[in-house]
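Ligands are counted one by one from 1 in listed order, and the atoms in each one are counted from 1 as well.
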Amino acid sequence: DLGTVGDELGLAVYAIGGFVRDLLLGVANLDIDVTVEGDGIFFAEQFAARHGCRVRSHRTFSTAVVIFPDGAKIDVASTRLEYYESPGVLPTVERSSLRHDLYRRDFTINTLAVCLNGPSFGRLTDYFGGQQDLQERLVRVLHNLSFVEDPTRVFRAIRFEQRLGFHIAPHTENLIRSAVRMNVLNKVGGLRLLNELIQILRENEPVGAIVRMAGFGLLPFVHPALKLLPEIRRVVEETGRVLAWFRLLYLPDACEQWQVYFLALGDRLTTDEFHDACRRLAVPGRISTKVFSHRRQALGTLDAIQRRLRRNPEVRNSEIYDWFHGLPLEMLLYLAARANREEVRRFVSQYVSRLRQVRCSLDGDGLAALGLAPGPRFRTIMDRLLVARLDGEVVNDEQERALALL
Ligand code: CTP
């Protein structure tokens with residue numbers, strides 16, 4: 001249908017980039033990127049009008065997003081020429097031809113285009129040997145300045161290599177090494193760097209990519225003290241296992257996998273260093289507050305648990321609740337991954353899968369209805385009721401009411 005609208009408007013329309021790459025690899029990819037030779041925004045508006053979709057356009061970049069009523073999206077770009085005025089800064093955009101547009105892209109495997117117009121529907125355009133590199137499973141840049149123009153591509157190269165099971169081509173590897181030596185990553189803004197890191201840490205199996213980042217010397221750009229020491233690698237690998245366990249619980253809670261990996265990677269950083277890393281990455285305040293600001297407290301708790309276990313290995317549920325209550329899920333999973341003792345992992349697992357849902361059934365109104373005089377004492381009573389529920393001393397509402405009146 002995209003092609004039909006293109007035919008009507010006399011515009012050449014191509015599916016492009018990751019969609020075509022994954023199509024040829026037989027990998028599912030629902031993100032369709034389309035490039036129009038000419039005015040992409042005009043095309044997007046016309047297409048949307050015929051299909052009852054909404055359009056969000058970016059005049060500066062000559063791009064638009066077509067949004068279908070069910071939420072599905074198509075990204076529409078115009079063939080364009082991007083000028084990188086200085087490394088690490090977003091490009092300035094002008095219109096140009098398809099070949100020019102493709103030449104501006106990161107890797108040959110992302111430069112394949114499929115024509116969608118009626119007469120040439122399905123015709124593949126491959127200016128830069130993308131098909132051959134797909135066959136040889138290589139991630140290769142188009143020209144020597146690629147990483148200088150856009151240093152975030154260093155991370156993208158690693159992400160594609162690891163996700164697709166490809167290799168970064170030898171010359172491309174050398175270009176990464178010289179980009180790292182030239183410190184081009186220092187010019188990348190915090191949020192862009194964070195975004196690349198997040199995308200890597202959200203991949204299915206990010207450990208390979210983390211090892212690769214460390215191998216290229218990329219971690220110090222996040223923080224000079226960040227290194228993949230053997231004990232950190234252990235925590236990172238354990239994180240994969242803990243997350244796999246968590247997924248098997250099929251809980252409704254969303255867990256941000258990248259945050260757990262990020263905590264694991266920063267395991268040996270001091271509180272100040274960890275904050276500096278967050279600042280370098282411009283981690284948004286709401287994330288810092290929700291997850292990372294609990295780090296010091298959580299690590300303190302973990303120490304306390306290990307000491308407590310040395311004294312006496314018997315632990316009541318209410319103690320576990322007390323340790324973990326108030327910590328975000330991501331932090332709990334990180335604690336499970338970094339703990340040296342099997343018991344700690346079991347405590348986190350009990351808390352996450354069961355204990356954090358435990359409630360007492362009486363609230364303030366319930367206590368008043370029992371004839372108790374309202375006051376600060378209610379908090380103490382309710383805490384005691386919760387402890388009794390957690391530890392199984394109270395198993396039904398009747399016993400709970402009896403305990404409240406004691
Ligand atoms: N691109 C680029 N340089 C970047 C980012 C993107 O050249 N720093 C180009 C790539 O050619 C890519 C296209 O823009 O194919 C779209 O980017 P994106 O959606 O990030 O890439 P996908 O290949 O679709 O990746 P993913 O499968 O992770 O969505």
Side-chain angles (χ1 to χ4, degrees), residues 14-36 40 58 61-66 72-93 96 98-114 124-131 133-134 138-166 168 172 175-176 179 184-185 187-189 191-206 209 218 257-258:
Y14 302 89
I16 212 158
F19 175 77
V20 182
R21 176 196 71 217
D22 290 343
L23 188 71
L24 293 180
L25 287 173
V27 177
N29 185 339
L30 299 176
D31 287 339
I32 304 188
D33 285 314
V34 160
T35 285
V36 175
H58 274 288
F61 296 103
S62 295
T63 59
V65 187
V66 176
K73 289 182 190 145
I74 300 178
D75 279 311
V76 180
S78 318
T79 50
R80 59 197 195 170
L81 198 56
E82 293 175 0
Y83 297 102
Y84 290 83
E85 274 157 14
S86 65
V89 174
L90 285 174
T92 322
V93 179
S96 80
L98 178 66
R99 190 175 196 286
H100 250 116
D101 180 80
L102 294 171
Y103 187 64
R104 297 284 143 186
R105 289 179 180 247
D106 48 4
F107 310 115
T108 58
I109 54 170
N110 288 336
T111 60
L112 295 163
V114 172
L124 188 74
T125 300
D126 179 8
Y127 289 120
F128 308 106
Q131 280 183 99
D133 285 340
L134 274 183
L138 289 174
V139 177
R140 184 202 305 275
V141 285
L142 280 76
H143 57 83
N144 289 349
L145 288 179
S146 195
F147 294 119
V148 179
E149 280 180 351
D150 182 352
T152 61
R153 289 176 174 169
V154 169
F155 293 92
R156 292 175 60 85
I158 294 175
R159 181 155 57 87
F160 289 126
E161 177 192 63
Q162 295 296 317
R163 184 205 295 167
L164 303 172
F166 280 29
I168 298 176
T172 299
L175 294 173
I176 293 183
V184 292
L185 283 157
K187 302 202 176 73
V188 178
L191 263 182
R192 291 191 78 201
L193 194 58
L194 175 66
N195 187 37
E196 293 303 325
L197 201 60
I198 291 179
Q199 290 198 58
I200 283 188
L201 300 183
R202 276 185 180 155
E203 290 283 325
N204 277 341
E205 306 272 344
L218 298 177
Q257 164 177 318
W258 76 265

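Some N or O of R163 is nearer than 3.5 Å to an N or O of ligand 1, by distance alone. At a 3.5 angstrom cut-off on N or O pairs, N29 does not count as close to ligand 1. Backbone and side-chain nitrogen or oxygen atoms of D31 are examined, and none is located within less than 3.5 angstrom of a nitrogen or oxygen of ligand 1.
For the atom pair F155 CZ and L218 CG, the distance stands at 4.5 Å (nearest 0.5 Å).
No side-chain donor-acceptor contact under 3.5 Å links T111 to the backbone of F128. For the pair N29 (side chain) and D22 (backbone), a donor-acceptor distance under 3.5 Å is absent. Using a distance-only test at 3.5 Å, with no hydrogens or angles considered, no donor-acceptor pair links the side chain of T172 to the main chain of R140.
Less than 4.0 angstrom separates some heavy atom of R21 from each of these atoms of ligand 1: 23 (O), 27 (O). Listed by number with element, the atoms of ligand 1 under 4.0 Å from a non-hydrogen atom of G18 are 15 (O), 23 (O), 24 (O). Of all atoms in ligand 1, listed by their number and element, those nearer than 4.0 Å to a heavy atom of D150 are 3 (N), 4 (C), 8 (N). Remark: ligand 1 atoms within the under-4.0 Å shell around heavy atoms of G17 are 15 (O). Against a heavy-atom cut-off of under 4.0 Å, T152 is close to the following atoms of ligand 1: 8 (N).
Contacts with ligand 1 closer than 4.0 Å are made by no heavy atom of F155, backbone or side chain. Residue contacts with ligand 1 for R192 are absent, since no atom lies close enough (heavy atoms, distance under 4.0 Å).
Proximity of F19 to ligand 1 is not established, as no heavy-atom distance is less than 4.0 Å.
Of all heavy-atom pairs spanning V184 and F147, the tightest one is CG2-O, 4.2 Å. Between V76 and G40, the shortest heavy-atom contact is CG1-O, 3.6 Å.
With salt bridges taken as basic N to acidic carboxylate O contacts below 4.0 Å, none links D150 and R104.
In this pair, F107 and F160 present their aromatic rings perpendicular. The plane angle is above 60°, beyond the 30 to 60° band.
Counting heavy atoms only, R156 comes closest to atom 6 (C) of ligand 1 of the residues R159, E196, R156, R153. Between the choices D101, D106, I16, D33, the shortest heavy-atom distance to atom 10 (C) of ligand 1 belongs to D106.
If you run salt bridge (charged side-chain N to carboxylate O under 4.0 Å, His left out) between D106 and each of R21, R156, R153, only R156 comes through.
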